[in-house]
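Please read these numbers as outputs of a predicted model, since none were measured by experiment.
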Amino acid sequence: MATTAEMVKELRQATGAGVLDCRKALEACAGDIAQAADYLRKKGLAAAEKKAGRAANEGTIGSYIHTGSRLAALVELNCETDFVARTDEFQELAHDLAMQVVAASPRWISAEDVPTEVVDIEKDTYRREALAEGKSERIVDRIIEGRLAKFYDQYCLLRQPYFRDPDITIADLIKQKIAQLGENIVVRRFVRFEVGGSE
């Protein structure tokens with residue numbers, strides 16, 4: 001099937017990919033727009049993985065103040081160039097991450113950031129709970145790992161479900177933006193404020 005300009009335009013609007021990339025994807029997928037969109041997504045995610053190690057020293061501070069001004073968050077989001085930092089897509093991502101911090105109350109950016117003493121306390125608690133539930137010693141370690149994974153999913157920003165689309169995590173969202181914007185993107189730090197809060 002011949003690739004038409006209308007097909008390229010439709011795919012481009014759906015994915016945000018460049019004209020040449022859309023044309024190549026449509027040719028590779030025999031004109032099937034849905035398959036071409038999936039092809040571009042997979043290609044973009046693979047490229048995003050390669051970019052993950054690059055230095056990200058530019059960026060912006062995303063902010064969000066919840067209605068009523070009792071909850072707020074600031075997020076430092078970094079990328080490779082000032083050009084990308086000023087784009088609407090990057091600014092919107094920083095704002096959405098600040099909203100995520102307000103909504104989901106993460107305590108750390110990733111599982112690697114959780115202090116060892118906190119992990120040890122959680123593991124000990126899960127072990128005692130599993131044994132109290134009558135679970136056999138040989139499966140307790142698997143139970144601990146499962147409960148620890150849920151703990152990370154709840155308290156680590158990158159593992160939380162994205163509030164606008166719970167089918168993807170924040171890490172998935174960032175990978176999509178890396179693929180779209182063509183630069184490494186890193187959440188450097190965040191802070192959440194709550195009126196009367198202890199932290």
Close side-chain approach of D96 to R164, heavy-atom, < 4.5 Å: yes
Assess the residue pair L173 and L93 against the criterion (side chain to side chain contact (heavy atoms under 4.5 Å, CB included)); give the C-alpha distance rounded to whole Å, side-chain angles, the decisive distance to 0.1 Å, and a yes or no. CA-CA 9 Å; L173 172 67; L93 175 61; 3.6 Å; yes
dist R86:CZ -> T60:OG1 (nearest 0.5 Å) comes out at 11.0 Å
Hey, any chance I174 and Y152 share a hydrophobic cluster, counting ILVMFWY side chains that come within less than 4.5 Å of each other, even indirectly? no
Flag yes if more than 12 heavy atoms outside D88 fall under 6.0 Å of its CG atom; otherwise flag no. no
Which value, rounded to the nearest 0.5 Å, describes the distance between K175 atom NZ and N184 atom CG? 11.5 Å
Given the rule that I, L, V, M, F, W and Y join up when any side-chain heavy atoms are under 4.5 Å apart, are I65 and F190 in one cluster? no
Side chains of E112 and S110: any donor to acceptor distance under 3.5 Å? yes
Centre of Y155's six-membered ring, under 6.0 Å away, within 45 degrees of the axis: is that where NZ or CZ of R107 sits? yes
Can you tell me if CZ on F83 sees more than 12 non-hydrogen neighbours from other groups inside 6.0 Å? no
Taking the side chain from E58 and the backbone from A85, do they hold a donor-acceptor pair closer than 3.5 Å? no
Closest approach of A98 to A73 (non-hydrogen atoms, all atoms of both residues): O-CB, 3.4 Å
From L97 atom CG to L157 atom CG, the distance as rounded to the nearest 0.5 Å: 6.0 Å
Side-chain contact, heavy-atom cut-off 4.5 Å: Y126 with L148? yes
Is the backbone of T81 close enough, under 3.5 Å, to the side chain of E183 for a donor and an acceptor to pair up by distance? yes
Using side-chain heavy atoms (C-beta onward) and a distance below 4.5 Å, is I61 in contact with V75? no
Cluster question for you: counting only ILVMFWY and a side-chain heavy-atom cut-off of under 4.5 Å, with indirect links fine, are I121 and V114 together? no
Heavy-atom side-chain contact between D120 and V118 under 4.5 Å: no
Using a strict threshold of under 4.0 Å (side-chain N to carboxylate O), is an ion pair present between R127 and E129? no
Using a cut-off of 6.0 Å, state whether more than 12 heavy atoms not belonging to E133 lie near its atom CD. yes
Just so I know, are the side chains of F193 and L71 near enough to count as touching, which here means a heavy-atom distance under 4.5 Å? no
Any heavy-atom pair between the side chains of K135 and I143 that's under 4.5 Å? yes
Dump the intermediate steps for side chain to side chain contact (heavy atoms under 4.5 Å, CB included) on N78 and E76, then the final yes or no. CA-CA 7 Å; N78 296 137; E76 180 183 348; 3.2 Å; yes
Sub-3.5 Å donor-acceptor pair from the side chain of H95 to the main-chain atoms of S63, do we have one? yes
T169 and Q160: side chain donor to acceptor below 3.5 Å: no
Using a 4.5 Å cut-off on heavy atoms from C-beta on, say whether the side chain of L74 contacts that of Y64. no
Could you give the distance from CD1 (I178) to SG (C79), rounded to the nearest 0.5 Å? 10.5 Å
From R159 atom CZ to I109 atom CD1, the distance as rounded to the nearest 0.5 Å: 14.5 Å
Note: R147-E122 ion pair, threshold 4.0 Å (strictly below): no
Taking the side chain as every heavy atom from C-beta outward, state whether E145 and K123 have any pair of such atoms under 4.5 Å apart. yes
Please report the C-alpha distance between V140 and I144 in whole Å, then the side-chain angles of each, then the deciding distance to 0.1 Å, and finally whether the side chain to side chain contact (heavy atoms under 4.5 Å, CB included) criterion is met. CA-CA 6 Å; V140 167; I144 290 169; 3.7 Å; yes
Separation of S105 OG from Q100 CD (nearest 0.5 Å): 10.0 Å
Counting only N and O atoms by type, is there a donor-acceptor contact under 3.5 Å from the side chain of D113 to the main-chain atoms of W108? no
Could you walk me through whether R188 and L77 pass the side chain to side chain contact (heavy atoms under 4.5 Å, CB included) test, one step at a time? CA-CA 6 Å; R188 186 76 61 208; L77 188 65; over 6 Å; no
Treating Ile, Leu, Val, Met, Phe, Trp and Tyr as nodes and any side-chain heavy-atom pair under 4.5 angstrom as an edge, say whether Y162 and L181 lie in one connected cluster. yes
